[in-house]
Protein chains: 2
Amino acid sequence: MARTQGSHSDITGPRIRKAALGLFARHGYAAVSMRQIAKDVGVQAGALYNYTPDKQSLLFRLMQDHMQDLLAAYGELEKPADAETALRRFVGFHIRFHMERPDEVFIAYMELRNLTPENFSEIEGLRRAYEDSLEAILQDGQKSGLFSVADTKIAILAVIAMLNGVMTWYRAGGRLSLDEVEQVYWDMVRRAVTA
Amino acid sequence: MARTQGSHSDITGPRIRKAALGLFARHGYAAVSMRQIAKDVGVQAGALYNYTPDKQSLLFRLMQDHMQDLLAAYGELEKPADAETALRRFVGFHIRFHMERPDEVFIAYMELRNLTPENFSEIEGLRRAYEDSLEAILQDGQKSGLFSVADTKIAILAVIAMLNGVMTWYRAGGRLSLDEVEQVYWDMVRRAVTA
DNA sequence: GTCTATATGTGGATAGAC
DNA sequence: GTCTATCCACATATAGAC
């Protein structure tokens, strides 16, 4: 039986999220209107509310999906026994995963303050779970005497902050290949934590 | 002669900037209305326009003042001849200067996309001037064989990104003193760039 | 310099026809 | 499921009285 004219539930939902993703990343959540998103998708503003109860949920779902994807992808990596190899793999994974999703990363970092308190807690929990995976590597390396950092908690945040810096300047087709970027960062991270 | 009743040009201007600073940092430029700022100051919204032609100028001036303060303060530091001491001083300066101005720093990083193109270029120029001062230190250290980094441009951005990470977690009265934080970061930066 | 009042536009979200 | 039409709150900015 033919679908009702103008009915596209299977494709409009993803298109809405994709449009919101791009617009939120470019202009910021607060600066983007539901009408802009609708226009990008090619529907009227009212139609968006068949897919999201409100604008906040749209933002939250984008961030939640991103963080869950991150944790799932990291979970599928094999974990080498030796800490240096594990850290190297973490650095490579982090850079590549984030480079492939610049909009999601940008939003996850910039729009935390636009989440409701409940939604914020949820995202914070996911972020911490990811940081814990790096902490495990650093502590393992310190036990074996391979690594040495003055403060593990700070080192985790410092390494992640350093790696996230890639997103602010790297552009495909630039001076360096992704392999080279990964190598340069790994070199600095390794030296920063090695005993 | 007595001032006109309700006239406070000498104090209202700074209060407006201070209120805007706090509100922009907490909620984001796009999410803050001129009415909110006015309420915070204790005047009506229309009165703000005696001090700023528009909301955009308010944002721009906050960012411009911050970057100019940063460059001026760094310019007044004495510059040790040896690169390691110079880098150590840079790290300490950067951490302390930024920790004392969390709102300004937050805005300078988060609200770049809400500047008009002309204003953006202006701020970008100031930011680059600051990065150049770190580049000079790293290149000096590499000439003397003290430092060794795979890519100087990346190293600059990596170091600054790492240091800026402090702002996301440090709170006065926490586990570590500012001296300790400075020491821990210096330790990582030094190792990351030392030959 | 600040106020009140207002012009003018846009925001999120909903109702009901198709 | 999407549309049109609309409610109502709030946005930036200005005008003119005091």
Side-chain angles (χ1 to χ4, degrees), chain A residues 1-24 26-63 107 111 113-119, chain B residues 1-24 26-62 107 111 113-116 118-119:
Chain A
M1 159 146 184
R3 184 181 278 126
T4 304
Q5 201 182 29
S7 177
H8 306 283
S9 81
D10 48 346
I11 59 167
T12 303
R15 289 188 62 195
I16 289 172
R17 285 191 290 280
K18 189 174 179 180
L21 180 74
L23 289 168
F24 289 166
R26 197 155 25 253
H27 307 293
Y29 172 77
V32 171
S33 70
M34 295 297 270
R35 284 176 175 81
Q36 276 177 275
I37 297 169
K39 187 178 178 184
D40 217 57
V41 173
V43 297
Q44 293 300 314
L48 299 181
Y49 292 87
N50 290 317
Y51 298 92
T52 180
D54 49 35
K55 192 183 171 191
Q56 166 73 203
S57 299
L58 202 45
L59 174 63
F60 175 62
R61 175 152 176 197
L62 288 174
M63 294 176 72
I107 289 172
E111 304 296 355
R113 64 183 165 189
N114 285 312
L115 291 172
T116 62
E118 298 74 24
N119 288 344
Chain B
M1 157 143 184
R3 184 179 278 126
T4 302
Q5 202 182 28
S7 178
H8 306 283
S9 80
D10 49 346
I11 60 167
T12 304
R15 289 189 63 194
I16 289 171
R17 285 191 291 281
K18 189 174 178 181
L21 180 74
L23 288 168
F24 289 166
R26 199 158 22 255
H27 307 294
Y29 172 77
V32 172
S33 70
M34 294 298 267
R35 281 179 175 80
Q36 278 177 274
I37 297 169
K39 187 178 178 185
D40 218 56
V41 173
V43 298
Q44 292 300 312
L48 300 181
Y49 292 88
N50 291 317
Y51 299 91
T52 180
D54 49 35
K55 191 182 171 191
Q56 166 72 204
S57 299
L58 202 45
L59 174 63
F60 175 63
R61 174 151 177 200
L62 289 174
I107 289 172
E111 304 296 354
R113 63 183 165 189
N114 285 312
L115 292 171
T116 62
E118 298 75 23
N119 288 344

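Note on naming: letters A, B, ... go to the chains in the order of the sequence lines (proteins, then strands), and numbering restarts at 1 for each one.
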Exercise. Would you name the heavy atoms of B:T52 and B:M34 that are closest together and state the gap between them?
Key: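 Answer, listing the atom of B:T52 first, then B:M34: CG2-CE, 4.3 Å.
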
Quiz item: Nearest heavy-atom pair of B:V41 and B:A19: which atoms, and what distance?
Solution: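 So the minimum-distance heavy-atom pair works out to CG2-CB, 3.7 Å.
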
Quiz prompt | Sugar-phosphate only, base, or nothing, as touched by B:V41 at under 4.0 Å among non-hydrogen atoms | solution =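 If one applies the 4.0 Å heavy-atom cut-off, B:V41 turns out to touch nothing in the nucleic acid.
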
Quiz item: In terms of the nearest nucleotide of DNA chain C, which residue is placed more toward the 5' end: A:Y29 or B:G46?
Solution: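 Closer to the 5' end of DNA chain C: B:G46.
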
Roughly, in whole Å, what's the span from [atom1] in [X] to [atom2] in [N]?
X: A:I16; N: C:dG12; atom1: CD1; atom2: P; value: 14 Å
X: A:K39; N: C:dT10; atom1: NZ; atom2: C1'; value: 14 Å
X: B:L48; N: C:dT2; atom1: CG; atom2: P; value: 9 Å
X: A:N114; N: C:dG12; atom1: CG; atom2: P; value: 12 Å
X: A:I37; N: D:dT2; atom1: CD1; atom2: P; value: 15 Å
X: B:R15; N: C:dG1; atom1: CZ; atom2: P; value: 16 Å
X: A:Y49; N: C:dG16; atom1: OH; atom2: P; value: 18 Å
X: A:R35; N: D:dC10; atom1: CZ; atom2: C1'; value: 13 Å

Under 4.0 Å: is that the gap between some side-chain N or O of [X] and OP1 or OP2 of [N]?
X: B:T12; N: C:dG1; value: no
X: A:S33; N: C:dG11; value: yes
X: A:Q44; N: D:dT4; value: yes

Quiz prompt | CE on A:M63 to CG on A:L21, rounded to 0.5 Å | solution =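 The distance works out to 11.5 Å.
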
Practice problem: Measure the spacing between CD1 of A:I16 and CG of A:L58 and express it to the nearest 0.5 Å. | Solution: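 If I round to the nearest 0.5 Å, the distance is 7.5 Å.
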
Side chain of [X] only, heavy atoms from C-beta on: which candidate in [options] is closest?
X: A:K55; options: C:dC3, C:dG12, D:dG1; result: C:dG12
X: B:A47; options: C:dT2, D:dC3, D:dT6; result: C:dT2
X: B:N50; options: C:dC3, C:dG11, C:dG1; result: C:dG1

Quiz prompt | Check: B:Y29 side chain, B:Q56 main-chain N or O, donor-acceptor pair, under 3.5 Å | solution =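 Pair found, side chain donor or acceptor close to backbone of B:Q56.
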
